[in-house]
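So the structure is just underneath, and the comments pick up after that.
Chain naming here is simple, since letters A, B, ... match the order of the sequence lines and numbering starts at 1 in each.
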Protein chains: 2
Amino acid sequence: MRDSVPLDPVDLAILRLLQNDARMTYRDLAAEVGVAPSTCLDRVARLRRAGVILGHELRVDPAKLGRGLEALLLVQVRPHRRELVGPFVERIRALPESRALFHLTGPDDYLVHVAVADTADLQRLVLDEFTSRKEVARVETRLIFQRWDCGPLLPARHAAGE
Amino acid sequence: MRDSVPLDPVDLAILRLLQNDARMTYRDLAAEVGVAPSTCLDRVARLRRAGVILGHELRVDPAKLGRGLEALLLVQVRPHRRELVGPFVERIRALPESRALFHLTGPDDYLVHVAVADTADLQRLVLDEFTSRKEVARVETRLIFQRWDCGPLLPARHAAGE
DNA sequence: GCTGAAAACACTCCATA
DNA sequence: TATGGAGTGTTTTCAGC
């Protein structure tokens, strides 16, 4: 269940198309892929069961919600012990400004992707929620000038028949 | 069009629910929000037109596609001039391993989120696509141990009536 | 913004190869 | 074992109010 799943060209075509527009109807999907709608439905259900498809997400523009400034915070947590990092992770995840949290290798233990209104809001967030916490040893703030999303996620190797 | 959009409590409830499950039917959505299905449809169409809703995305498990290792690459591009960074950005975006690309403030100019098969694959990617490029001055690789997604994105300030 | 009717759709079953 | 086609219940959509 943790390993990669065998995917044939039909599965791959479905994944590619749904990553562009997850609300495509099965009818249109079937027409593009070149199989019957029921087959599409079956394949999608199978991909869901196999855990390849995790869910359907709405993509929202943060700027339109008054969160025009995005930043990455590189956070060093010291001492890096389970009883400290557990509550830290939960607290950060619960912040309305947080978009994603990563546990990383390297000198910084965590990377937090945040969306805020402006630099004043960012300063408040860093001071009140990060540097004021005693387990946070260091915070490095990097503003995001621009973000590009890349193409659909496809299998690492040979696409077909594996 | 770049600024924030006035959203009433109904819009916010819709956005909150759809961010949890973007494939909810308008019927169920209407029942939860407390309005008629047609009203929901109208609101969603309006949010789409206003650019608040950018699209519907399929969330896929990279590990299931044979891309069990994710990493962040901090890249310094020197000299940091338009005629060099343009092609760099386009090349990185086109890589099948790339998931997202950020232009940042700070000592590293770009952050690239990649998904690869294993450490050998990551080494190949870093050597062939990054350090071998003459405009790339430095690459710092950080593995992602774990990732947490945070709650739905909501407006920065007062939710209602603005 | 709601109601109701018409159209489009998702989904199940069964025959088929 | 997986596919394709037809049928059924549901959802979406678009009137009018």
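Bending across the helix from C:dG1-D:dC17 to C:dA17-D:dT1, expressed as the angle between its end axes from five pairs apiece, amounts to 30° (10° rounding).
When side chains are defined from C-beta on, B:T39 does not count as touching B:V33, because their heavy atoms never get closer than 4.5 Å. Under the 4.5 Å side-chain criterion, counting only non-hydrogen atoms from C-beta, A:Y26 is not in contact with A:R43. Contact check for B:V89 versus A:W148: side-chain heavy atoms found under the 4.5 Å cut-off.
Between A:H103 and A:Y110, the two ring planes are parallel [angle under 30°; tilted spans 30° to 60°].
B:G106 and A:R142 get closest at one heavy-atom pair: CA-CD, 4.1 Å.
With salt bridges taken as basic N to acidic carboxylate O contacts below 4.0 Å, none links A:R91 and A:E135.
How far OG of B:S98 is from CG of A:L153: 11.0 Å, rounded to the nearest 0.5 Å. Atom-to-atom distance recorded for B:L154:CG and B:L12:CG is 6.5 Å, nearest 0.5 angstrom. The distance from the CG atom of B:L72 to the CZ atom of B:F102 is 8.5 Å, given to the nearest 0.5 Å.
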* To do: Would you give a per-nucleotide map of nucleotides 2-17 of chain D, 5' to 3', where B means the base has a protein non-hydrogen atom under 4.0 Å away, S means only the sugar-phosphate does, and - means neither?
  => -SBB-----SSSB---

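Around the CD atom of A:Q123, the shell of radius 6.0 Å holds no more than 12 heavy atoms that belong to other residues, nucleotides or ligands.
When DNA chain C is scanned 5' to 3' for any atom under 4.0 Å from a heavy atom of chain B, the first and last hits are C:dG1 to C:dT3.
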